[in-house]
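Accompanying notes for the structure given below.
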Amino acid sequence: MYYNFQKDLMLQKNRLELSYLANEQLLKLKDLHVNFDKNRVYPRDVRFNSAIYDSSKKEIFSTFSNKHIDFNEVIYMDEDKIYLIKEPESYYLGTKYLVLEVKSDSSWHKNVYKTLSIYGAGLFLLMVVFGYFLLRLLLKPMREAIELLDRFIKDTTHELNTPVNAIMSNIEMIDTNSLDEKLAKKIKRIDIGARTVSNLYQDLTYLTLAHKIVSNDEDVNLQEVIEERIEYFTLFAQSRKIDINCDLEENISLHIDRKKITKLIDNLLSNAVKYNKIKGTINIRLQDGYFEVHDSGRGIAQEKIDAMFERYTRADESVGGFGIGLSIVHMIAEEYTLHVKITSKEKKWTKVRVSW
């Protein structure tokens, strides 16, 4: 709006000057009209270009390079030129329209853009400052709710640790072989429940304290760690009658924090058990350059695979969980430049490969 206003103002200032020039040109046309038999040279002026048109807007004579004239305007600007259209009182040489063309002064253009830039930048900064305080005000309740939830999660995870460790420690001291079968099954279910809560506690702790955990990198024998974690998850697998098959190559090591690679493997195994079918299978392979977990479970829809590493994303809402396992896997993989690839066929299988 400001630009258009300034342009109109500039045109009106030029209109008066161009009207004087047009009157001078009309006098020359009158002279040519009267003395046409003696002088047949169209009057030219170094200050402007001009053209004359008849009543049907057909060109009689022109010194323009531009042949497209807007006869609906009195004065207008086209690119860097200004055009004035004047209708003489007398039709000299059949002229109904006299059009003058002059080059526009670019200084007004520069001044307009300079003004717009200065005031625009000032307004933008004002809006940024105002927007910042307004957003802080509007987001304050949400921020307080998030901080409250964060404190609740931290407090809850802290309180979970002691009773879960107590349960697991006491279960380990029970000799299930000396118990009758029914009681042994109950103890086993308690053990599975305690381990599930323990895994959840470790995941939440990692998410809330990951930025504070100092990595203690060392050469870790992957075969040993995987076998150790398989033994831990065997109880979960047996409760769902899932067979675990292993193909683990020996003497493969990674320079990595032992707790973090354990956490990565735990989440892959936990998902393979959790999202598997009853009497399903889990194939675990360790080769030079990669480690993969292949289950015979529910699978993941192709359109969801890319989003599986986002926090709180779950492939199947019917199965328990918070959707943080693969997010933790992705965090650890990024830290150590590991590449995680998920391939899946819905309702058939899922394979997660971690390569390096």
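Numbering of residues begins at 1 and proceeds along the displayed sequence.
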Would a distance-only check, ignoring hydrogens and angles, find a side-chain to backbone donor-acceptor pair under 3.5 Å from [X] to [Y]?
X	Y	answer
Arg240	Val273	yes
Gln302	Ser344	yes
His294	Asn283	no

*Test Tyr97 against every option in Tyr92, Phe71, Tyr91 by the ring-ring contact (aromatic ring centres under 6.0 Å, His included) rule and name the one that passes.*
Phe71
*asked:* One pair to check against ring-ring contact (aromatic ring centres under 6.0 Å, His included): Phe5 and Tyr2. What are the steps and the verdict?
replied: CA-CA 5 Å; Phe5 174 76; Tyr2 177 78; 7.3 Å; no
*asked:* Quick one, Arg285 with Tyr290, criterion side-chain contact (heavy atoms from CB on, under 4.5 Å). Give me CA distance, side-chain angles, the key distance, then yes/no.
replied: CA-CA 8 Å; Arg285 175 175 291 180; Tyr290 72 90; 3.2 Å; yes
Salt bridge flag under 4.0 Å for residues [X] and [Y]:
X	Y	answer
Asp45	Arg47	yes
Asp54	Lys96	no
Arg258	Glu218	no

_Does the structure place the NZ or CZ of Arg298 under 6.0 Å from the centre of the six-membered ring of Tyr275, at an angle of no more than 45° from the ring's axis?_
no
_Both conditions, 6.0 Å and 45 degrees, for the charged tip of Arg229 above the ring of Tyr232: are they met here?_
yes
*Under 30°, 30 to 60°, or over 60°: which ring-plane class applies to Tyr76 and Tyr83, parallel, tilted or perpendicular?*
parallel
*Residues Ser355, Lys341; criterion side-chain contact (heavy atoms from CB on, under 4.5 Å); working and verdict*: CA-CA 8 Å; Ser355 55; Lys341 183 180 180 182; over 6 Å; no
_Can you tell me how far apart CD (Glu249) and CG (Asp247) are? Round to the nearest 0.5 Å._
8.5 Å
*Side-chain donor-acceptor contact under 3.5 Å, His255 with Asp217*: no
*Go through the side-chain N and O atoms of Asn35 and Asp31 and say whether any donor and acceptor fall under 3.5 Å apart.*
yes
*Sort out for me which residue in Leu286, Leu338, Ile261 forms a side-chain contact (heavy atoms from CB on, under 4.5 Å) with Phe291.*
Leu286
*I would like to know whether Leu254 and Tyr336 meet side-chain contact (heavy atoms from CB on, under 4.5 Å); could you show each step before the answer?*
CA-CA 10 Å; Leu254 273 182; Tyr336 291 96; over 6 Å; no
*List the steps and the verdict of side-chain hydrogen bond (donor to acceptor under 3.5 Å, both in side chains) for Tyr42 and Ser50.*
CA-CA 10 Å; Tyr42 181 81; Ser50 66; 2.8 Å; yes
